[in-house]
Amino acid sequence: MSFSKKNPGYSGLNSVAVHAGTKQDLYGGVNTPISSSTAIAFHNGIGSVPYPRNFNIPNHDAVAEKIAALEGGASALVLATGMSAITAGILSAVRPGEHILMQKNIYGGTRAFADILRNKHDIGVTFIETMTPEKLDEELTGDTVLVYMETPTNPTLDIIDIAPITQWAKDNRILTMIDNTFASPVNQKPLELGCDIIMHSATKYLGGHSDLMAGALIGNADFIERCRTLSAIYGMSLNAVDLSLLERSIKTLGVRVQQQNANALTIAEWLSKHPSIAKVHYPGLASHPGHDIAVKQMSGFGGMMSFELVGNDIAFRDTFLKKLSMIAVATSLGGVESTMTIPVQTSHSLLTEEERSALGIHEMLIRFSIGIEDAQDLIHDLEQALQ
Ligand SMILES: *Cc1c(COP(=O)(O)O)cnc(C)c1O
């Protein structure tokens, strides 16, 4: 039962977020019930063996159909974490001896997986600093089968121009996969820009409340079926209770992200005028180098930004973070609550100082995940902490 086949009479993002995929409750309830059984009636010959690890319980299908509908994809798979979506997606697309062109400034876990691909799977990976068709041409080999990208990037919110890359890949008969976690389907629709496969860390905006881990893959039915077979063997499925939590969370994705977009733009403008702030990295600001591309390929600029405090005084940075009262200094992102991290100490702590400075990441850079609180309260908190 897929969303498109049902022809449900709605098409807006918020209607899709609320209704797509919902499975019938025998008692007439409006929500998909939680099907927690691991022993399930089995009738020989009908599809795959019903078992939660095989990604075939109703709670899985409900969330997968909702996410596929939100991204405009034919099919989706919901997995235990964002990293399981990345590993299952890449391993389903590439065989030993083949080659991947991968953006350099991607999520740390993806970068670490590239080492495993090279060392344990005999898969070649070439990192590309700024992905453009010209750069891809230079690194293309006869074995290249996949281009892997991420935009906006973490933590400096660089913007990659998606459409020319997917066009280049089509011309060369190469698959494209994108990490759409930061933008969420509310702000960016990569399939419409020509991408073949989307992954999400649903731990972030799709989950949205900092209380569950999940991942998702979206693509054509054949590819998602390959991912399902591999992921069932690797044991990457998500349990019914967390699937149910995720289904509930996605119903408010649109309203949450709209509020985060609006808050982030207001705060980015406010921060960029503050004397204690040297620089704000936010694609919604006209001063951001990727602003024009962001306007072209995004419908909102998202709730993520980073900023640099003036000078080199680490004590000033630490006092600022200590003085924050409503905003939490905490890892992860995309929740209803605002959080800040120091990338040097968290997401990019495993890189060398040289690697970090090549990416523009230094001690005074702070990453800010804007929540759904009221903008004036967030500004008030920033103002008192910067004094
Ligand atoms: C968090 C994150 C991941 C990894 O997801 P997990 O759910 O932590 O496994 C991948 N990509 C991006 C951009 C992320 O922020």
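Atoms within each ligand, like the ligands themselves, are counted from 1 in listed order.
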Decide whether [X] and [Y] meet the rule of one side-chain donor and one side-chain acceptor closer than 3.5 Å.
X      : Y      : value
Glu383 : His274 : no
Ser84  : Thr81  : yes
Thr181 : Asp179 : yes

Within a distance under 4.0 Å of any heavy atom of [X], pick out the atoms of ligand 1 and give their elements.
X      : result
Gly82  : 5 (O), 6 (P), 7 (O), 9 (O)
Met213 : 6 (P), 7 (O), 8 (O)
Asp179 : 10 (C), 11 (N), 12 (C), 13 (C)

Quick one: nearest non-hydrogen protein atom to [atom], plus distance?
atom                   : answer
atom 4 (C) of ligand 1 : Tyr107 CE2, 3.3 Å
atom 5 (O) of ligand 1 : Ser201 OG, 2.9 Å
atom 9 (O) of ligand 1 : Met83 N, 2.8 Å
atom 1 (C) of ligand 1 : Lys204 NZ, 1.4 Å

Let me check something: do Val329 and Met305 share a hydrophobic cluster, defined by ILVMFWY side-chain heavy atoms less than 4.5 Å apart, either directly or through other members? yes
Is there a nitrogen or oxygen of Ile86 sitting under 3.5 Å from a nitrogen or oxygen of ligand 1? no
Mind checking whether Thr203 has an N or O less than 3.5 Å away from an N or O of ligand 1? yes
Distance check, rounded to the nearest 0.5 Å: Ile34 atom CD1 versus Asn59 atom CG? 6.5 Å
Separation between CG (Leu359) and NZ (Lys104), nearest 0.5 Å, reads 7.0 Å
Pick one: which of Lys189, His200, Met199, Glu150 meets side-chain contact (heavy atoms from CB on, under 4.5 Å) with Asn180? His200
